[in-house]
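These notes are about the structure you will find just below.
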Amino acid sequence: METALRPMLVAARRGAARAAARRSAPVLASALHSPIPRSPRDAAPVVAAPACRHASTAAGAVSKLKEMSGGEVVYKFLEAKEIKCVFGYSGGAVLPLIDAFHGGGIEFISNSNEQCSGHAAAAYAKATGIPGVVVVTSGPGITNVVTPLQDAMTDGVPMIVFSGQVPTGAMGTDAFQECPATEITRPCTKWNYVCLDFNQLPWAVNEAFRIATSGRPGPVHIDLPKDIVSMRAQVPEAVFQSAMKQTRDPPPMLDMAKVRSAAELLNKAKRPILYVGQGASHCPELVKAIAHQAQVPVTTTCHAMGIFDERDPLSMHMLGMHGAAYANFAIQNADVIVAIGSRFDDRTTGIVAKYAPKAKAAEEEGTGGIIHINIDKTCFGKVVRPTVSIWADTADALRAMQEHITKPEEGGARSEWLKQCAAWKKDYAFGYVKAPGGKLKVQQVIEATNKYLHEKKWMDDREVVVCTGVGNHQMMSCQFVRWTKPRTMITSGSLGVMGAGLPFAVGVQVAKPKALTILIDGDGSFNMTHVDLQTIKRYNLPVKMAIMNDARQQMVWIWQRLFFDGRYVSVDNVNPDFVMLAKAHGIESMACDSEADLPACIEKWLNHDGPMLIDFKVVPDICLPMVAPGKALDEMILLEDRETVFGASDEELGAMKFEGLAPS
């Protein structure tokens with residue numbers, strides 16, 4: 001069937017291309033004389049351009065016309081959407097769009113490859129809430145963006161990707177650098193579209209921004225054939241005025257009966273907890289108000305760290321597989337769990353059958369349960385069945401609940417619960433075993449960095465954003481930094497993309513030129529994208545880069561040790577000299593391998609005027625606590641179990657044997 005359809009597709013596209021070639025500077029009629037179509041079928045045909053340079057709207061007003069290419073139309077829409085910069089990489093099929101950026105006000109940030117462009121744009125969006133925009137060419141240009149698209153999809157990041165495509169007449173012929181772009185990106189986008197008609201450009205760009213930012217944010221993709229963006233037409237100004245009016249979809253209307261039910265459950269709870277995800281990034285003040293009003297402890301996902309100031313006595317810090325033991329204990333013992341803008345990711349639940357036993361028991365007794373607040377109603381019941389589900393913007397839901405929440409009586413069950421949570425925090429605080437001979441551990445470096453930032457009061461007085469790669473250093477950053485503000489931990493969560501850290505730092509620094517942007521990366525992650533050092537140098541981005549260099553993919557090494565009896569494959573890194581590598585790019589750099597030198601190195605590194613890399617030579621370690629696969633959230637391997645699990649040395653395996661599947 002595919003063979004039979006292919007000649008028809010080629011002929012149809014060639015016909016479209018020939019028809020487009022016969023047109024001479026047409027008026028963008030559909031955008032002027034009718035509403036922007038919601039689907040391609042609603043588009044009005046292109047008509048011949050009149051001699052005049054004005055066009056009448058349906059209301060009789062006169063709109064000025066300007067001859068523009070398709071690429072210039074897209075660019076003008078980006079201006080109307082107040083986009084300040086895009087990330088991308090040039091290539092033949094996308095040149096008609098890239099040309100529109102020449103001499104314009106939107107900065108085009110060139111990364112070392114398209115994957116780095118995608119991650120940088122995602123970080124821009126993560127740090128600001130403003131959609132990140134990517135411009136790449138056809139074929140390998142768009143296929144290189146698939147990983148950033150999937151990362152943005154699973155982490156809920158608004159991102160718009162524009163890709164070049166071969167001319168419509170060549171589509172389906174296996175032309176040079178042709179690929180079925182929208183077929184490839186369909187599973188990893190909220191929406192995608194190949195624009196085969198100049199008239200559809202206004203609708204497509206507006207639709208992309210609307211979908212990317214409505215509901216749970218996510219990535220979208222528009223594929224632009226070269227002849228469509230090269231084509232020229234007389235375009236009315238009214239087209240771009242409409243772009244400024246169109247915004248995201250309105251949030252869902254609140255079901256007040258569910259809001260009152262949720263508030264009632266929280267009011268009568270003896271052991272409640274707020275479990276906060278990044279869906280509450282825009283309303284930290286409401287989370288704080290609810291927590292203090294109801295005297296409820298708060299735990300967060302890794303993306304949500306800083307939404308609730310972790311220095312607050314009510315903070316239980318991050319929960320999950322490598323989260324705080326005290327947070328996991330609190331979740332498992334709570335009679336009411338209020339999930340706010342979170343989705344019960346597997347790394348935060350442990351085995352679902354054993355998740356939240358006290359809350360489930362309280363639900364059966366009618367005294368508690370699980371409250372789930374989310375703007376994405378498809379997540380209700382996907383992992384955990386809620387007692388009360390509230391489909392809403394988290395800010396709207398919390399604001400509505402606030403007036404129904406009563407302050408608990410002093411000295412009652414709620415006070416005892418807070419004392420228990422405080423005791424867990426004291427007894428099960430994060431820790432590590434120091435390396436012998438004054439050598440360094442990853443935890444030690446991050447702990448010292450955090451101490452310096454807080455002693456200088458930079459976490460309060462400055463904008464400090466930390467980016468990470470994926471691995472031990474990522475989880476140890478979650479553990480040993482005390483987060484104070486939302487959108488300050490930029491990492492790849494659900495997809496776990498090694499190599500995302502450096503381009504993330506590029507995107508954050510571009511988005512926030514005055515921020516102190518810190519990259520904490522592992523040697524394995526950094527090796528994957530260190531080519532983007534050239535982007536750091538090109539734009540003189542003052543990113544402070546720290547490589548936790550243990551010459552291993554240590555987290556996977558640990559899993560092979562625990563689950564595969566120490567049969568190590570593909571976990572040793574043959575690293576370059578990172579100091580020399582940075583210097584080869586013209587970037588200041590140094591190395592540190594001792595506890596004695598650590599404070600002075602951190603001070604020099606964080607105060608350097610401009611980009612700087614520091615290569616920390618660290619001793620490999622296991623990241624604890626850890627919830628093993630198949631275990632409940634409170635069945636953790638703790639620091640006190642370290643030697644039994646890990647062994648006394650690399651050569652000696654621990655006594656504890658592991659069965660089942662290793663973590664993914």
Side-chain angles (χ1 to χ4, degrees), residues 250-301 304 307-309 312-316 319 327 330-344 355-356 358-377 379-381 384-418 420-421:
M253 292 184 288
L254 276 172
D255 184 335
M256 288 306 298
K258 289 189 173 184
V259 168
R260 286 189 289 271
S261 295
E264 287 170 10
L265 280 179
L266 184 57
N267 287 337
K268 63 185 179 183
K270 296 179 179 179
R271 303 181 308 279
I273 189 168
L274 304 186
Y275 155 48
V276 180
Q278 69 169 341
S281 295
H282 61 303
C283 56
E285 69 290 341
L286 283 170
V287 174
K288 179 180 178 180
I290 293 286
H292 282 267
Q293 183 176 339
Q295 286 295 286
V296 183
V298 180
T299 185
T300 66
T301 65
I307 290 176
F308 190 77
D309 191 331
D312 192 303
L314 290 175
S315 174
M316 300 296 281
L319 82 165
I331 285 284
Q332 293 294 84
N333 285 277
D335 58 359
V336 169
I337 298 171
V338 186
I340 305 169
S342 49
R343 59 185 182 88
F344 297 100
Y355 180 72
K358 300 293 178 63
K360 291 174 181 176
E363 179 186 21
E364 291 180 2
E365 296 169 1
T367 59
I370 297 172
I371 300 163
H372 195 179
I373 304 169
N374 207 294
I375 199 165
D376 178 11
K377 62 181 178 181
C379 70
F380 297 140
V384 173
R385 182 181 60 82
T387 311
V388 179
S389 59
I390 301 176
W391 179 37
D393 181 283
T394 51
D396 293 341
L398 294 179
R399 200 174 288 112
M401 284 179 64
Q402 199 172 5
E403 62 182 272
H404 299 285
I405 292 173
T406 57
K407 191 170 184 177
E409 61 181 26
E410 292 186 18
R414 194 74 57 87
S415 297
E416 291 303 311
W417 171 238
L418 293 181
Q420 175 62 77
C421 289

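No experiment lies behind these values; they were computed from the predicted model shown.
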Check against side-chain contact (heavy atoms from CB on, under 4.5 Å), I340 and L274
CA-CA 7 Å; I340 305 169; L274 304 186; 4.2 Å; yes
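- Between L266 and I405 the shortest heavy-atom distance is CD2-CD1, 3.8 Å.
- Taken to the nearest 0.5 Å, the CD atom of E364 stands 10.0 Å off from the OG1 atom of T367.
- Under the 3.5 Å distance criterion, the side-chain polar atoms of N374 are left unmatched by any main-chain donor or acceptor of A339.
- Closest heavy-atom contact between N333 and K358: OD1-NZ, 3.1 Å.
- Between P272 and W417, some side-chain heavy-atom pair lies under the 4.5 Å cut-off.
- Classification of the H292-F308 ring pair by plane angle, with boundaries at 30° and 60°, yields tilted.
- The side-chain hydrogen bond (donor to acceptor under 3.5 Å, both in side chains) contacts involving residues 277-291 comprise H282-D393, where partners must be two or more places apart or lie in separate chains.
- The backbone N or O of G277 sits nowhere less than 3.5 Å from a side-chain atom of R343 that would complete a donor-acceptor pair.
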Using side-chain contact (heavy atoms from CB on, under 4.5 Å), reason through L314 and L418 one step at a time and then give a plain yes or no.
CA-CA 8 Å; L314 290 175; L418 293 181; 3.7 Å; yes
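- Residues satisfying the side-chain hydrogen bond (donor to acceptor under 3.5 Å, both in side chains) criterion with R385, sequence neighbours excluded, are E363.
- Looking at T387, its side chain never comes within 3.5 Å of a backbone N or O of I371 through a donor-acceptor pair.
- Side chain of T394 to main chain of G279: a donor-acceptor pair is present (N/O by atom type, distance under 3.5 Å, no hydrogens or angles).
- In this structure, K268 places its NZ atom where more than 12 heavy-atom neighbours from other residues, nucleotides or ligands lie under 6.0 Å away.
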side-chain contact (heavy atoms from CB on, under 4.5 Å) between I373 and L398, worked out
CA-CA 9 Å; I373 304 169; L398 294 179; 4.3 Å; yes
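- The closest donor-acceptor contact from the side chain of Q295 to the backbone of P408 lies at 3.5 Å or more, if one exists at all.
- A donor-acceptor pair is defined here as one N or O able to donate and one able to accept, closer than 3.5 Å; such a pair exists between the side chain of K360 and the backbone of Y355.
- Checking side-chain atoms of Q293 against main-chain N and O of Q402 turns up a donor-acceptor pair under 3.5 Å.
- Across every non-hydrogen atom of M316 and P297, the tightest pair is CG-CB, 3.8 Å.
- One finds the OG atom of S389 at 3.5 Å from the NZ atom of K258 (value rounded to the nearest 0.5 Å).
- With rounding to the nearest 0.5 Å, the separation of CZ in R260 from CD in E264 is 8.5 Å.
- With values rounded to the nearest 0.5 angstrom, M256 atom CE is found 10.5 Å from S261 atom OG.
- Proximity of a side-chain donor or acceptor of T299 to a complementary backbone N or O of A327 within less than 3.5 Å is not detected.
- Judged purely by atom type and a 3.5 angstrom limit, H372 has no side-chain atom pairing as donor or acceptor with the backbone of I337.
- Listed here is the closest heavy atom pair of S342 and T301: CB-CG2, 4.3 Å.
- The closest donor-acceptor contact from the side chain of D335 to the backbone of R271 lies under 3.5 Å.
- Going from atom CD1 of I307 over to atom OG of S315 covers 11.5 Å, rounded to the nearest 0.5 Å.
- Pairing each heavy atom of F380 with each of I390, the nearest pair is CZ-O, 3.5 Å.
- The nearest pair of heavy atoms linking P251 to D396 is CG-OD2, 3.7 Å.
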